[in-house]
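Some notes on the structure that comes next.
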Amino acid sequence: MTSKPEASLDKTYQPADIEKRWAKEWEEKGYFRPRGEGAPYSIMIPPPNVTGSLHMGHAFQDSIMDTLTRWQRMQQKNTLWQVGTDHAGIATQMLVERKLAAEEGKSRHDLGRENFLEKVWEWKEQSGGTITRQLRRLGASVDWDRERFTMDSGFYKAVQEVFIRLYDEGLIYRGKRLVNWDPKLHTAISDLEVENKDQKGKFWHFRYPLADGVKTPEGKDYLVVATTRPETLLGDTCVAVNPKDERYASLVGKDIILPLVGRRIPVVADDHADMDKGSGCVKITPAHDFNDYQVGKRHNQPLINVMTIDAAIRDQAEVYNLDGTPNEAIDPTLPELFKGLDRFEARKKLVAEMEALGLLEDIEEINNTLPYGDRSGVVIEPLLTDQWFVKIAPLAEPAIQAVEKGEIEFVPKQYENMYFAWMRDIQDWCISRQLWWGHRIPAWYDEVGNIYVGQSEEAVRQKYNLGTEVSLEQDTDVLDTWFSSGLWTFGTLGWPEETEELKTFHPTDVLVTGFDIIFFWVARMIMLTLKFTDQVPFKTVYVTGLIRDDNGQKMSKSKGNVLDPLDMIDGIDLENLLQKRTSGLMQPQLADKIAKQTKKAFPEGIGAHGTDALRFTLLAMATTGRDINWDMKRLEGYRNFCNKLWNAARYVLSNTEGEDCGVQGEPVELTLADRWIISRLQQTEAEVTRHLGNYRFDLAANAFYEFVWNDYCDWYLELSKPVLWKEDAHPEELRGTRRTLVRVLEAILRLGHPMIPFITEEIWQRVKPLAGVEGDSLMLAEWPEAAKDQIDDQAIADLEWVKGVILAVRNLRAEMNLPPGKLLPLLLDKASPEDQRRLQENRIFLQKLAKLENLQLVGEEGLPMTAMQLVGQMEVHLPLAGLIDKEAEIARLDKEIERLQKDMQRTAGKLKNESFISKAPAAVVEKEKAKLADAEAACEQLKKQQQELQKL
RNA sequence: GGGUGGUUAGCUCAGUUGGGAGAGCACCAGCCUUACAAGCUGGGGGUCACUGGUUCGAACCCAGUACCACCCA
């Protein structure tokens, strides 16, 4: 069913109904699909987390992507904006586990892997669409027919293929390495999922006794090491001192007897030890700290793991060599005392034991940071586990080059440095996760642990020639979600098949994303895409800043300052807003504070502003790559702008519907105002187009806003009234003005559509027949191209003059407190032939807009008492003897004269400067000279006027 | 500690080859003028963080300082 606009537009802009109606119709009509011809243009949406809901960051990025997409589509390109969601391994698994526990009181282990996964899929089918539904409300013109999910079978094929090829090339390997371990969720997690939080911590200073009677130069029989994690003492393998540190030079190579454990460990020299920090000695625990791992590696130390996957102390340590093979030489015995204790319990006990032994030298209070799992909320433990890794170095090189060579460009440019810096010392990437929900690693093991990689057990048997006597078990781990999203641009287009889509839409044109995932996602997409397609995934990366609250604070649930984009679109009352902000808090005690804050900031809740206003605000604030402090006032301002456009359309429609608008190309006569607004329209079209091309959405939005409000509404619509309402107007004149009203409005709608799609479409449907335009939807209309030959410089200059006279009169009127509606007589003096021509041609505009009783040139009779303003050299006089406060007028002129004199002084000073005259460009000097002459002349005129007044 | 970005009107921010400081909102005054009070008209308001340098000329280029934010260690 086609949307039918109301019989007449409502007096006030009411976005909700319009927006829902059009979103539905556009999608149903299939306007979001690629048109199938023309130059291709494509954007892949950064797949949002399937468990997520739309936040301001999404709204921001999606508004930008939609603007680009609609803009390109209107340029008649074969445009694809592809949408989809990310399976979000941990988040989804946790969500379903919680649901299962709440509803059935079962754990995932009770169900078993197969059944649990079925539950996850059920959840996904029922509830996984929240964020895509919200996307629709934003007007996102994504091709819903091609919606993708990273767990789709087609996509899984790509994931498998990539894994297998990388493995076969030796770029994927399995090994024992330190990873960020989440002891609650029992999985490795990525750096991105680790939140570092500042806290007040303790630094425990322990004495480590030297073996064999060795003493320090000071005569002590121990070294002091400090640690924030005493429990790791059990896994220490050496103590490091700085090689330049003379205090300990004699001890390097000597041994220490590790307290409580009794193990002999050496003192080694390593730069990692900071001479100025504490005693300068550092305990090294390679199996429990990332830095220590590196130190251990340099000194060929074994890895002694003392913790379980729950981060409790093991009964016996696990000891490995650096290559991951078991180390039999070191005694794995751990003290009985700590067995099975949680790390924090073990810490307390260990400190107490050390104190009892007289080995606790000091406890220092310090500020430090601790890593927390962002999902589980528990402290992350670096833990030695078997994991799968991607060798990054060979993939990184081409990825760096692609950016160096400009095949991929970052906007803004400075993010390229960030990218290079990270890519230069990139580490191998841990891609396995100990979860059930995700892409299962396509690897099988035989009984002795040999690894076979392939699509399926069958494929593996064939590939490796394994008979049925060999029993195979598939690896239980899944792949990091980022591994699959790294294939997003080409995996979603059908790769590894050579599909038409892949040929047409890859590489994609631009990726719009936040700077926080350049490393985790952008870099990985570049590496993997280059590797497998020999193409870059996208030509441009447009990096957005963060949206913060009005105080510059990050929005977060715990701060209670989150703004939901949909609440700004549809509005929300205070009660519901409070409910939303204070429920489900991690720290419920914050609820009161948040409620108070919210009541203060939004005493009446949040009003409805509509999608267009929200989008326009986001775009208008999208300056290059910096964070945005959200400002509700700007949102209101742009909602008002939509209302302005709406009402302008009402005016145009009421004056053109059912009238002769010259649609058939009948002869017309264009007024100065018509020629001027047409000229300004061309300039604006060029400007908006240029800014969109440079990703300066703020400048594009601004140029549009200014043209619509300041030129079209404030001046042109007002100037059209005297023509339309003139009793003796010619048909050609009327037709010309009506046609211009309608055509310029129609162009405005096309120009604004990518930014504010709904309101423009709604109005356009009404305007198009009047403008003689065909088409089912504004979405498919042509992007307005500026026509240089329609820019009439004379008209622009003439209209500036008209505006100048009107403004002069308004100014005088206000200065003298004359009622706005009162008709005034006006006298013009010192009018040049040019001024006289302009006056002749535009008398009616001046009379109506300045509300003049009559308008004459000063003749022989001279001037009565007047208030005067200058327009260029021409004097604009209000002859109002009875109404003018003489003294006030003289004072006003004084102020004006003073201002001019200041100006003259500065300009004259410049011109007196020899080196300015000789060195500055001639044009600049000329300009200054003219400026001085103008100011001098004006000053003279004002002084003369003052004298005249005084005489009277 | 290293790196990046920022500091312009009360607030949020523009200012693109260095040449007369801008917008929106807020503020003040006056207006229900037949599109719009979510509006119209007029107005006030800034030592462009600070110091120095380059230049005839600096919000803009260079160096340094202070403060803020983010990234890395």
Side-chain angles (χ1 to χ4, degrees), chain A residues 8-9 11-14 191 196 274 276 290-291 369 412 414-418 421-422 425 515-516 518-519 545-546 548 550-554 607 609-610 613 617 620-655 690-691 694 696 698-699 701-703 705-706 709-710 713-714 717-718 720-721 725 741 806-807 809-822 848-849 851 903 906-907 909-921 923-925 927-928 931-932 934-935:
Chain A
S8 71
L9 298 178
K11 186 169 174 183
T12 307
Y13 164 60
Q14 302 288 358
D191 293 351
N196 291 304
D274 183 344
D276 302 324
F290 290 101
N291 288 315
T369 56
Q414 70 257 25
Y415 284 105
E416 288 181 6
N417 292 330
M418 199 164 149
W422 188 71
D425 57 27
F515 65 91
D516 48 339
I518 289 180
F519 305 155
L546 222 60
R548 299 165 173 278
D550 50 355
N551 293 314
Q553 297 286 313
K554 255 189 201 173
H609 295 85
T617 308
M621 295 179 91
T623 63
T624 51
R626 47 187 278 189
D627 287 355
I628 290 174
N629 290 357
W630 185 252
D631 181 1
M632 220 29 121
K633 296 287 190 189
R634 294 238 356 220
L635 177 62
E636 275 168 35
Y638 290 121
R639 190 260 326 256
N640 295 351
F641 172 66
C642 291
N643 185 55
K644 187 76 179 174
L645 178 59
W646 183 261
N647 278 293
R650 288 181 59 224
Y651 168 81
V652 173
L653 290 172
S654 71
N655 283 288
R690 181 165 57 87
H691 291 316
N694 294 331
R696 286 303 304 265
D698 58 330
L699 299 180
N702 235 345
Y705 180 101
E706 278 178 11
W709 201 311
N710 302 343
C713 292
D714 281 353
L717 295 191
E718 294 308 319
S720 74
K721 288 174 185 174
W725 298 348
L741 273 171
I806 294 166
L807 288 172
V809 176
R810 285 179 182 167
N811 184 271
L812 288 169
R813 190 190 283 273
E815 293 278 355
M816 280 173 293
N817 290 318
L818 300 172
K822 184 177 171 63
K848 293 290 177 194
L849 270 71
K851 300 217 162 60
D903 225 39
R906 208 177 40 192
T907 315
K910 254 185 177 178
L911 288 166
K912 261 185 246 159
N913 185 339
E914 285 288 332
S915 46
F916 173 72
I917 302 285
S918 58
K919 290 186 183 168
V924 173
V925 176
K927 212 169 130 191
E928 291 295 313
K931 202 165 83 183
L932 182 61
D934 286 351

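Each chain gets a letter, A, B and so on, in the order the sequences are listed, and its residues count up from 1.
- Nucleotides rU65(B) and rG20(B) are separated by 32 Å at their P atoms, to the nearest Å.
- Shown here, rC70(B) forms a base pair with rG3(B); the pair counts as Watson-Crick or G-U wobble because both key distances fall under 3.5 Å.
- Between the side chain of E636(A) and the base of rA26(B) there is no donor-acceptor pair of N/O atoms closer than 3.5 Å.
- Applying the 6.0 Å contact sphere to NZ of K931(A) captures more than 12 heavy atoms from other residues, nucleotides or ligands.
- Listed pair K721(A) / rA35(B) meets the phosphate criterion, a side-chain N or O lying under 4.0 Å from OP1 or OP2.
- Rounded to whole Å, the separation between the C1' atoms of rG39(B) and rG3(B) comes to 50 Å.
- The gap from the P atom of rG22(B) to that of rG30(B) amounts to 27 Å, rounded to the nearest Å.
- Shown here, rA58(B) forms no base pair; nothing in the strands shown gives a Watson-Crick or G-U wobble contact with both key distances under 3.5 Å.
- Across the protein-nucleic acid pair, K644(A) atom NZ and rA37(B) atom C1' stand 11 Å apart, rounded to whole Å.
- Spacing of C1' atoms, rU12(B) relative to rA66(B), comes out at 24 Å, to the nearest Å.
- What separates CG of N710(A) from C1' of rU41(B) is a distance of 14 Å, to the nearest Å.
- One interatomic measurement links the two molecules: OH of Y638(A) to P of rA14(B), which rounds to 11 Å at whole-angstrom precision.
- Pair check for rA38(B) finds none; no Watson-Crick or G-U wobble contact set falls under 3.5 Å.
- rU34(B) and rG15(B): their P atoms are spaced 40 Å apart (whole Å).
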Practice task
Please test K721(A) against E718(A) for salt bridge (Lys or Arg N to Asp or Glu O under 4.0 Å), starting from the C-alpha separation and ending with a verdict.
Solution key: CA-CA 5 Å; K721(A) 288 174 185 174; E718(A) 294 308 319; 3.1 Å; yes
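- The pairing partner recorded for rA14(B) is none, the criterion being a Watson-Crick or G-U wobble arrangement whose two distances lie under 3.5 angstrom.
- Atom pair R634(A):CZ and rC25(B):P shows a separation of 10 Å (rounding to whole Å applied).
- When both distances must be under 3.5 Å, the Watson-Crick or G-U wobble mate of rC27(B) is rG43(B).
- Spacing between atom NZ of K851(A) and atom P of rC40(B) amounts to 13 Å, rounded to whole angstrom units.
- Using cut-offs of 30° and 60° on the angle between ring planes, the pair Y415(A) and F515(A) is parallel.
- Straight-line distance from the NZ atom of K910(A) to the P atom of rG19(B): 10 Å, rounded to whole Å.
- In this structure, N811(A) reaches the rG43(B) phosphate: one of its side-chain N or O atoms is under 4.0 Å from OP1 or OP2.
- A distance of about 14 Å separates the C1' atoms of rU47(B) and rA9(B), rounded to the whole Å.
- A gap of 6 Å separates the C1' atoms of rA49(B) and rU7(B), to the nearest Å.
- Rounded to whole Å, the distance from NZ on K919(A) to P on rG18(B) is 18 Å.
- For the pair W646(A) CH2 and rC36(B) C1', the interatomic distance rounds to 12 Å; values are reported in whole Å.
- Nucleotide rU51(B) forms a pair with rA63(B), judged by Watson-Crick or G-U wobble geometry with both contacts under 3.5 Å.
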